[in-house]
There are 4 protein chains.
Amino acid sequence: MVKHIVSSVKDEKLIEQRREELQKGAVSLFKQKGFHRATTREIARAAGFSIGTLYEYIRKKEDVLFLVCDAIYDEVKARMEAVIDTQETSEEALHQAVKSYFQLMDDMQDEVLVLYQELKALPKDAQEYVLDKEKEMVTLLEKVIQNSYPALSEQELSIITNNIFIQGQMWGFRRWILQKEFTLKQYTDLQFDLLKSQLGQRAKNHR
Amino acid sequence: MVKHIVSSVKDEKLIEQRREELQKGAVSLFKQKGFHRATTREIARAAGFSIGTLYEYIRKKEDVLFLVCDAIYDEVKARMEAVIDTQETSEEALHQAVKSYFQLMDDMQDEVLVLYQELKALPKDAQEYVLDKEKEMVTLLEKVIQNSYPALSEQELSIITNNIFIQGQMWGFRRWILQKEFTLKQYTDLQFDLLKSQLGQRAKNHR
Amino acid sequence: MVKHIVSSVKDEKLIEQRREELQKGAVSLFKQKGFHRATTREIARAAGFSIGTLYEYIRKKEDVLFLVCDAIYDEVKARMEAVIDTQETSEEALHQAVKSYFQLMDDMQDEVLVLYQELKALPKDAQEYVLDKEKEMVTLLEKVIQNSYPALSEQELSIITNNIFIQGQMWGFRRWILQKEFTLKQYTDLQFDLLKSQLGQRAKNHR
Amino acid sequence: MVKHIVSSVKDEKLIEQRREELQKGAVSLFKQKGFHRATTREIARAAGFSIGTLYEYIRKKEDVLFLVCDAIYDEVKARMEAVIDTQETSEEALHQAVKSYFQLMDDMQDEVLVLYQELKALPKDAQEYVLDKEKEMVTLLEKVIQNSYPALSEQELSIITNNIFIQGQMWGFRRWILQKEFTLKQYTDLQFDLLKSQLGQRAKNHR
DNA sequence: GATGAATGAGGCTTCATTCAT
DNA sequence: TATGAATGAAGCCTCATTCAT
């Protein structure tokens with residue numbers, strides 16, 4: 001459970017449950033109107049409770065945003081961990097990972113969009129807290145790449161991972177252009193091909 | 001001049017001038033607080049005139065955002081055109097273009113950030129108008145790449161261009177991670193190296 | 001027991017007990033923040049029970065104020081009666097009475113302050129009920145003065161008594177000025193001296 | 001003009017004027033319902049402007065209370081100064097002063113009541129600021145008394161002045177009892193008589 | 001009897017926009 | 001054309017009170 005946000009309700013189980021309802025509702029609301037345009041009353045209604053009850057579980061409207069961002073990252077991360085094997089060392093494992101990651105980004109485009117748009121509306125400390133979670137996700141990808149191509153220099157590994165990571169996010173974020181030109185499969189295959197060119201090259205160089 | 005935004009002032013010269021003051025002020029304001037948190041009064045003050053005068057040159061607060069986004073894209077585009085040679089066909093020309101583009105994204109990180117954050121706050125039609133300008137920028141990069149590597153398939157060209165375009169924007173947008181690990185030069189060199197791996201490979205394949 | 005406030009609890013003993021806890025907590029709370037700024041939740045907590053339980057013993061927040069004012073007057077009155085002898089007729093008895101009364105006002109400054117500040121927040125009928133208790137206290141003082149100086153006219157007696165009564169209350173209420181200039185003993189002695197001048201004079205006149 | 005409260009309006013004259021309207025309306029409102037029960041909208045309406053305009057001249061609801069308290073003290077003080085001659089040394093001058101002061105307290109009972117009830121709702125620093133004004137009023141009375149009875153010790157002078165000051169305020173504050181028993185004239189005459197007894201006595205003692 | 005989660009009316013305050021000067 | 005005072009809709013949040021457990 002998120003320790004950072006104070007609730008006036010005592011029952012921890014209930015807090016967990018209500019906050020989940022809250023996130024669900026809020027994400028779908030923020031997708032439509034964004035955080036700033038959503039009113040607290042709308043947020044409450046979207047979550048299925050009254051404005052009074054909303055404020056039993058948060059202190060400020062901002063807290064909802066934090067909850068949402070936090071939950072999105074948690075879900076993304078959980079699903080990445082479920083789907084990505086950090087032990088395997090084959091090129092095929094990397095292929096799998098990239099496909100899974102891109103699929104995940106496709107599934108969660110709206111959530112990722114919310115993240116991109118609203119993260120900066122959080123107070124600095126909350127931003128950092130949330131971005132730390134992002135780093136863990138990047139690290140996950142990084143491991144997989146390193147397993148398959150252990151010869152990469154630190155910087156090469158880092159920049160390649162970042163590129164992949166970003167390309168996944170952009171699939172949803174720049175859907176207005178990318179999804180017009182490519183299907184997800186095409187996008188995935190093309191990017192993986194390009195990735196292999198880079199990695200193949202690097203592997204040689206470092207041998 | 002932007003035709004989309006109505007002003008009650010008649011003198012076109014004046015409109016041009018005032019709107020430039022307006023953009024300048026607004027960008028620096030939006031950098032700090034974002035569009036939603038900036039009040040119209042603050043916008044007016046940042047531009048150096050009164051709230052009443054502000055409303056002589058715009059109709060709604062949203063108009064300011066449009067003006068700003070539009071101006072940013074115009075500036076980015078102008079500077080790209082100034083710096084990128086779409087005639088040259090050498091690999092070196094591409095290298096120059098990438099370096100220049102990344103340098104530009106470094107110069108204008110704050111503006112790009114504003115764009116990323118606030119574009120979605122515009123009404124749909126304004127969004128499209130502005131994104132069309134972005135497409136032109138992408139097209140510019142695309143031409144340079146194609147000049148140097150004419151053998152690329154349409155999709156390869158498109159995705160590679162998009163990747164480069166995005167990597168430039170992310171340099172500023174994800175500065176909290178990228179600029180901790182890399183200097184701009186390192187980032188540029190590494191990305192260009194990776195790009196060459198891809199292009200070299202492709203070039204061969206298609207020959 | 002106070003008949004005016006309805007409780008949903010049947011057990012009279014319990015009511016008595018809970019209400020005492022309630023008063024104790026509320027007075028100390030009202031001292032700090034005043035009635036209006038104190039929330040019912042804070043009142044409940046200060047009394048040591050839950051918000052639900054609070055509402056078993058009162059009907060409205062206002063009831064708490066009534067309970068508190070009522071209790072304060074009861075305590076003041078009880079302590080005055082314990083300490084003031086209405087039988088004695090000597091000047092010394094009056095001296096004793098004044099000293100005791102001032103001492104009491106010193107002891108209960110905070111309570112008196114609450115009374116002064118919040119009494120007007122009660123509904124009219126409750127105000128009257130409570131002020132009747134105050135009158136009894138004034139009457140007590142009046143008796144003592146009359147015992148010692150039976151020659152005073154009705155109006156003289158009344159005004160002198162009121163003055164003493166007020167001077168006692170003001171010791172606490174205007175502590176920010178009086179308690180900077182005087183110790184309680186000095187204040188008491190000075191006021192008693194002044195009182196004697198008046199009474200001595202009056203006594204002569206009426207003989 | 002009160003420097004302590006910020007206004008977003010620039011025209012100082014206007015501020016002065018609007019704030020006066022504000023005080024007038026607010027006092028009469030606070031008389032009826034007290035500060036806490038009066039809503040900001042009621043305050044605005046009582047002053048004759050909209051809620052938006054109200055907030056052009058104050059920052060917080062509390063500011064209204066400050067404005068009101070400050071204005072009351074200013075008026076009381078101005079009227080005392082207009083009516084009390086601090087040069088004269090005759091007993092008659094003192095008589096005049098007391099009569100005028102009591103008359104003033106009669107005229108301004110409601111205002112004084114507001115002061116008594118709500119002063120504690122102000123932030124500490126505002127309280128001090130306002131109470132300093134009260135001290136000046138006490139000082140005024142003190143001078144008159146000292147002029148007529150220069151022989152009084154410092155403490156005697158101080159306590160006697162305080163008593164008079166308080167008796168004036170109480171005439172309005174405890175009207176429910178005092179104004180039932182006395183007319184203003186009676187109250188004034190009786191209190192002045194008592195005062196003379198004290199002063200006469202003291203004068204002798206110190207001669 | 002005791003608890004505390006749920007409720008929603010209503011309070012305070014902000015701020016985009018208008019309009020008289 | 002420029003100004004800035006005026007407006008009020010609408011947002012955020014609190015808190016007295018209720019009621020199911």
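Predicted model, so just to flag it, every value in this text is computed and none were measured. Every chain is numbered from 1, with letters handed out A, B, ... down the list of sequences.
Base engagement by B:T53 is indicated by at least one non-hydrogen atom pair under 4.0 Å involving a base atom. Note on C:A44: nothing from the nucleic acid sits closer than 4.0 angstrom, heavy atoms only. In this structure, D:T39 reaches the sugar-phosphate backbone alone: every heavy-atom distance under 4.0 Å involves primed, P, OP1 or OP2 atoms, never a base. Residue contacts shown for A:R37 are absent, as no nucleic acid heavy atom lies under 4.0 Å away.
Among the nucleotides E:dT7, F:dA5, E:dT3, the one closest to the side chain of C:S50 is E:dT3. Of all nucleotides listed (F:dT1, E:dT13, F:dT7), F:dT7 comes nearest to the side chain of D:F49.
Contact of the C:V27 side chain with the C:D110 side chain is not registered, since no non-hydrogen atoms from C-beta on lie closer than 4.5 Å. Using a 4.5 Å heavy-atom cutoff, the side chains of C:T40 and C:I58 are not in contact. Using a 4.5 Å heavy-atom threshold, the side chains of D:R19 and D:S7 count as touching.
Nucleotide E:dA6 holds its C1' atom 15 Å from the NZ atom of A:K10, rounded to whole Å. If you measure from atom CD1 of A:I43 to atom P of F:dG11, you get 11 Å, rounded to the nearest angstrom. One can place CD of A:E42 at 12 Å from P of F:dA10, the figure rounded to the nearest angstrom. Between D:R18 atom CZ and F:dA5 atom P there is a gap of 10 Å when expressed in whole angstrom units. Taking atom CD of B:E21 as the reference point, atom C1' of F:dT1 lies 14 Å away to the nearest angstrom. As rounded to whole Å, 15 Å separates atom C1' of F:dT14 from atom NE2 of C:H36. Rounding to whole angstrom units, CD of residue D:E56 and P of E:dT13 are separated by 14 Å. Going from atom CD1 of C:I51 over to atom C1' of E:dG1 covers 16 Å, rounded to whole Å.
Of the side-chain N and O atoms in A:T40, one or more sit less than 4.0 angstrom from OP1 or OP2 of F:dC12. In terms of phosphate contacts, C:Y55 brings a side-chain nitrogen or oxygen within less than 4.0 Å of OP1 or OP2 of F:dT17. In this structure, A:Y57 does not reach the E:dA5 phosphate: none of its side-chain N or O atoms is under 4.0 Å from OP1 or OP2. Applying the 4.0 Å criterion to OP1 and OP2 of F:dC12, one finds that A:R59 has every side-chain N and O outside that range. At F:dC12, none of the side-chain N or O atoms of A:K60 fall inside 4.0 Å of OP1 or OP2 (strictly under the cut-off).
Between A:K124 and A:E128 there is no salt bridge, since none of the side-chain N atoms of the basic residue sits less than 4.0 Å from a carboxylate O of the acidic one. In summary, B:E21 and B:R18 engage in a salt bridge, as defined by a charged side-chain N under 4.0 Å from a carboxylate O.
For A:E20, the CD atom counts as loosely surrounded, since its 6.0 Å shell holds 12 or fewer non-hydrogen atoms of other residues, nucleotides or ligands. Other residues, nucleotides and ligands place no more than 12 heavy atoms under 6.0 Å from the NZ atom of D:K24.
Nearest-nucleotide positions on DNA chain F for C:I58 and B:S8 put B:S8 closer to the 5' end. Summary of the strand contacts: A:L14 and D:K61 both lie near DNA chain E, and taking for each the nucleotide with the nearest heavy atom, the more 5' one is attributed to A:L14. Both B:G48 and C:E62 lie near DNA chain F, and the one whose nearest nucleotide falls closer to the 5' end is B:G48. Across the interface with DNA chain E, nearest-nucleotide mapping of A:R41 and C:D11 shows C:D11 to be the residue nearer the 5′ end.
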Given pairs defined as Watson-Crick or G-U wobble with both distances under 3.5 Å, what dot-bracket annotation applies to DNA chain F, with ( ) intrastrand, [ ] crossing, | other strand and . unpaired? .||||||||||||||||||||
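You won't find any donor-acceptor pair under 3.5 Å spanning the side chain of C:R45 and the base of E:dG4, going by distance alone.
Residue pairs that meet the salt bridge (charged side-chain N to carboxylate O under 4.0 Å, His left out) test with at least one member in residues 34-59 of chain A, sequence neighbours left out, are A:K33-A:E42, A:E56-C:R41.
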Listing, residues 111-118 of chain B side-chain donor-acceptor contacts under 3.5 Å, not counting sequence neighbours, or none:
from   : atom 1 : to     : atom 2 : distance (Å)
B:Y116 : OH     : B:Q169 : NE2    : 2.5
B:E118 : OE2    : B:F35  : N      : 3.0

